Amino acid sequence: MSDMQKRPEDIDRESEEIIEETMKEIFDDINNSDEFKEMDDSYEESEEAEESGQEDKTEEENDRPDMEDTDTGGISSDDSDIEAAERIGDGEESDGIDVPDEDAPGFAVDEDDAENSDSEEDDFESGDDDFETKEEDYESEDDDGEKEETEAEKELRRHRRRKKAGIIAASVLGALILIYLGFALFFNSHFMFFTEINGQDFSMKSVGQVEEYMKKQVADYVLTLEESDGGSETVRGSDISLEYVQGKELKELVKKQNNFFWIESLWKHPEITAEVGVKYDENALKSMIENLNCLKPENQTASVDAHPEFKDTEFVVVPEVIGTQIDTEKFNEAVATAINGFASTVNLTDAGCYIKPRFVSDSKEVIAAKDAMNSYLGASVTYDFSPSTEVVDASVISQWVKVDGDMNVTFDEEAVKAYIQTLADKYNTKGKTRTFTTASGNSVTVEGGSYGWRIDQEAEYNALTANIKNGETVTREPEYSSRAASHDANDFGNTYAEVDLTNQQMYFIQNGQVVLQSGIVTGNPNKGHATPQGTYSLAYKALDQVLRGKKLPDGTYEYESPVKFWMPFNGGIGFHDATWQPTFGGGRYQTNGSHGCVNMPYDKASQLYDLISAGTPVILHY
């Protein structure tokens with residue numbers, strides 16, 4: 001461990017020695033302070049005045065003449081009054097009261113007085129009872145007086161105790177105040193308890209002691225950069241020509257302390273960050289920083305914002321991830337501040353040197369985005385592709401709800417359309433090549449035609465987004481522009497019309513069984529009217545129609561053929577009766593074939609008209 005990482009040399013002393021030394025410094029400062037001398041002189045003057053006043057009072061009491069009370073035999077104290085009252089109450093003679101004796105010499109009664117006395121004897125006797133009553137009252141008053149004096153003595157003792165306690169309390173309070181002011185004076189030039197400067201403990205140290213410590217440590221100075229992944233790198237003072245420069249910063253810091261409230265430092269523990277006076281080679285420092293591993297691009301990973309993410313059934317907030325990408329400006333500032341403050345370490349995370357995520361888990365934008373995204377998840381749409389189904393629920397919809405870097409939530413319309421396209425690719429059969437087993441048992445390939453399933457993607461997009469917006473739970477078919485009989489491998493089902501263009505035969509299969517077979521005449525391939533193969537569906541059927549060819553310039557038509565039964569399936573091509581054909585089947589179509597229609601005998605055409613209906617598949621093959 002380097003000296004830079006140790007406390008100052010006297011930090012390790014026993015606490016008793018530090019306190020003793022500190023108290024000595026405090027009282028030395030107090031004794032040498034002008035304020036204390038003024039207080040001491042004032043206190044001595046007050047003591048002298050009090051002693052002088054006490055002496056004057058004593059002399060005055062000594063010079064006062066003794067006073068005798070004729071009624072108490074010369075006793076003038078409160079105690080003598082109390083004793084006299086007690087003797088009178090007990091019926092005893094007071095030593096201080098002269099009572100004349102009848103037998104004493106000089107004791108004589110005037111005769112006139114005696115006569116008057118005799119004449120008044122009866123009155124005296126009559127008042128004797130009153131005298132006894134008064135005497136009893138006197139004795140009662142005497143008892144009360146004794147009680148009152150006893151309470152007075154108790155009150156006197158209580159007064160003396162209170163006075164003594166007050167003197168003691170005042171003395172203790174004065175001592176505490178003196179000690180408190182002593183510490184306040186001490187901290188006028190020293191750092192307070194538990195003071196740290198740039199992370200270093202300088203409790204109760206003077207500016208001179210701190211500066212001395214700095215000078216001793218500068219030669220071995222090492223700045224450790226603590227990285228978020230637990231690694232560390234160092235910048236040595238010797239590599240950047242670090243020197244300590246004595247300045248006024250520390251003195252200013254001491255002055256800024258509120259030393260009168262020094263006691264707060266016992267629990268607030270002052271932490272000071274300041275430049276303490278150093279200089280170094282800035283170019284050398286810049287070169288060292290550029291070569292640090294933590295600043296190499298390959299060693300930095302970007303932070304990741306907190307964001308909503310779908311988990312199981314709903315969107316939840318995924319916490320942010322703080323990466324190791326350095327904010328170069330803040331990094332350089334933190335390193336420079338640490339060196340100027342003579343700090344031993346810089347924690348890159350605490351110093352804010354890493355580029356932090358813009359949004360964290362409790363950011364209101366993230367929470368609002370999560371709630372908005374979850375609002376789309378209430379819908380559930382089940383598509384019926386009997387026997388198969390496709391379900392659009394929260395797990396699917398969640399893929400269509402997006403959030404950007406600013407936490408703006410959008411519904412990805414293109415993603416919805418792409419999903420509908422996947423349904424079309426999977427279930428559309430219109431125009432696809434089919435493998436078909438003929439009524440005669442042969443397997444043929446059928447290409448072309450307009451029959452089959454086709455989803456109307458634009459209409460389905462509108463329907464699906466409405467379901468999601470309204471939070472609906474539904475089971476339905478998608479919107480189709482073209483339908484078929486089944487979603488099985490052969491979508492035409494088991495009821496359909498078959499036309500064998502090679503053998504010139506047609507069949508009507510109902511529920512898998514051939515219920516009608518007939519020879520036919522199809523389009524003449526030699527005149528360019530060959531009947532096209534493919535899978536179609538019957539558009540409609542009608543009676544008593546006139547089939548016309550191309551309209552000529554003179555207003556007439558290339559041909560006009562009235563028919564009884566008309567059943568079109570491919571534009572102007574369809575089944576109909578052809579009474580003008582003498583025979584059907586064989587190779588007649590190559591010489592006397594139609595313009596593309598399937599000619600049938602009248603009776604067979606009638607039967608087919610009764611069996612077929614609009615939408616029935618029609619399969620034509622070679």
Side-chain angles (χ1 to χ4, degrees), residues 429-431 434 436 438-439 446-453 482-486 490-525 529-550 557-585 588-589 592-622:
T429 61
K430 186 174 183 178
R434 296 171 175 83
F436 175 66
T438 68
V446 181
E447 297 178 353
S450 60
Y451 178 83
W453 297 106
S482 176
R483 301 181 66 87
S486 170
N490 287 325
D491 58 352
F492 43 80
N494 58 9
T495 298
Y496 52 89
E498 175 190 344
V499 177
D500 184 344
L501 298 173
T502 301
N503 297 312
Q504 290 292 290
Q505 293 289 316
M506 72 83 54
Y507 306 90
F508 189 81
I509 292 86
Q510 188 175 58
N511 297 325
Q513 302 295 321
V514 177
V515 295
L516 175 64
Q517 179 180 359
S518 174
I520 56 175
V521 176
T522 60
N524 188 341
H529 300 306
T531 302
Q533 71 165 332
T535 305
Y536 305 91
S537 60
L538 191 71
Y540 62 92
K541 62 181 182 179
L543 298 173
D544 301 319
Q545 301 294 308
V546 177
L547 307 180
R548 295 182 175 90
K550 184 187 298 184
Y557 293 92
E558 185 179 9
Y559 65 88
E560 290 183 312
S561 302
V563 297
K564 181 64 175 179
F565 308 103
W566 172 236
M567 296 162 279
F569 54 81
N570 180 14
I573 298 174
F575 298 105
H576 63 81
D577 55 295
T579 54
W580 59 87
Q581 292 284 6
T583 61
F584 296 90
R588 183 173 174 78
Y589 74 100
N592 295 287
S594 69
H595 291 87
C597 288
V598 179
N599 293 172
M600 298 179 65
Y602 183 91
D603 59 336
K604 297 297 183 179
S606 175
Q607 293 179 46
L608 180 61
Y609 190 89
D610 291 337
L611 293 170
I612 204 168
S613 60
T616 301
V618 179
I619 304 169
L620 299 91
H621 62 84
Y622 285 98

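Just so you know, these numbers come straight off a predicted model, no measurement behind them.
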Partner set under salt bridge (charged side-chain N to carboxylate O under 4.0 Å, His left out) for E558, not counting sequence neighbours: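 Applying salt bridge (charged side-chain N to carboxylate O under 4.0 Å, His left out) to E558 gives none.
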Are any side-chain N or O atoms of [X] and backbone N or O atoms of [Y], one a donor and one an acceptor, separated by less than 3.5 Å?
X    : Y    : answer
W566 : Y540 : no
R434 : T429 : yes
Q504 : F584 : no

Which heavy atom in [X] sits nearest to a heavy atom in [Y], and how many Å separate them?
X    : Y    : result
A539 : A614 : O-CB, 3.7 Å
A497 : I612 : CB-CD1, 4.4 Å
S594 : H529 : O-CB, 3.5 Å
G572 : C597 : O-SG, 3.6 Å
P601 : G519 : CD-O, 3.5 Å
S537 : G615 : CB-O, 3.8 Å

Within residues 603-615 or reaching into it, pairs that qualify as side chain to side chain donor-acceptor pair (under 3.5 Å) - sequence neighbours excluded: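 Residue pairs with at least one partner in residues 603-615: S613-T616.
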Quick one, [X] and [Y] - any side-chain contact, counting heavy atoms below 4.5 Å?
X    : Y    : answer
S450 : S482 : no
Y589 : L501 : no
L620 : F569 : yes
R588 : P582 : yes
N490 : F436 : no
H576 : N599 : yes

Residue pairs passing the salt bridge (charged side-chain N to carboxylate O under 4.0 Å, His left out) test where at least one lies in residues 537-548, sequence neighbours excluded: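 Those involving residues 537-548 are D544-K564, R548-E560.
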Aromatic plane relationship, Y559 with H595 - under 30° parallel, 30 to 60° tilted, over 60° perpendicular: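 Parallel, since the angle between the ring planes stays under 30°.
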Rounded distance (nearest 0.5 Å) linking atom CD of Q533 with atom OG1 of T502: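 Interatomic distance, Q533 CD to T502 OG1, rounded to 0.5 Å: 9.0 Å.
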Rounded distance [0.5 Å steps], CD1 in I520 versus CG in D500: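 Spacing of CD1 (I520) from CG (D500) equals 7.5 Å.
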Side-chain donor-acceptor contacts of residues 506-517 below 3.5 Å, not counting sequence neighbours, with atom names and distances?
unit_1 : atom_1 : unit_2 : atom_2 : d
Q517   : NE2    : Q505   : OE1    : 3.4

Set of residues satisfying side chain to side chain contact (heavy atoms under 4.5 Å, CB included) with respect to P532, sequence neighbours excluded: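 Once residues adjacent in sequence are excluded, the partners of P532 under the side chain to side chain contact (heavy atoms under 4.5 Å, CB included) criterion are Y536, N570, I573.
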Ring centre gap for Y496 and Y451 strictly below 6.0 Å: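 No: the rings miss the under 6.0 Å criterion.
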Chi angles and distances behind the side chain to side chain contact (heavy atoms under 4.5 Å, CB included) call for V446, I619: CA-CA 8 Å; V446 181; I619 304 169; 4.0 Å; yes
Any residue meeting ring-ring contact (aromatic ring centres under 6.0 Å, His included) with Y622, in chain and number order, not counting sequence neighbours: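 If we apply the ring-ring contact (aromatic ring centres under 6.0 Å, His included) test to Y622, skipping adjacent residues, there are no hits.
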Worked check of side chain to side chain contact (heavy atoms under 4.5 Å, CB included) between F565 and L543: CA-CA 5 Å; F565 308 103; L543 298 173; 3.4 Å; yes
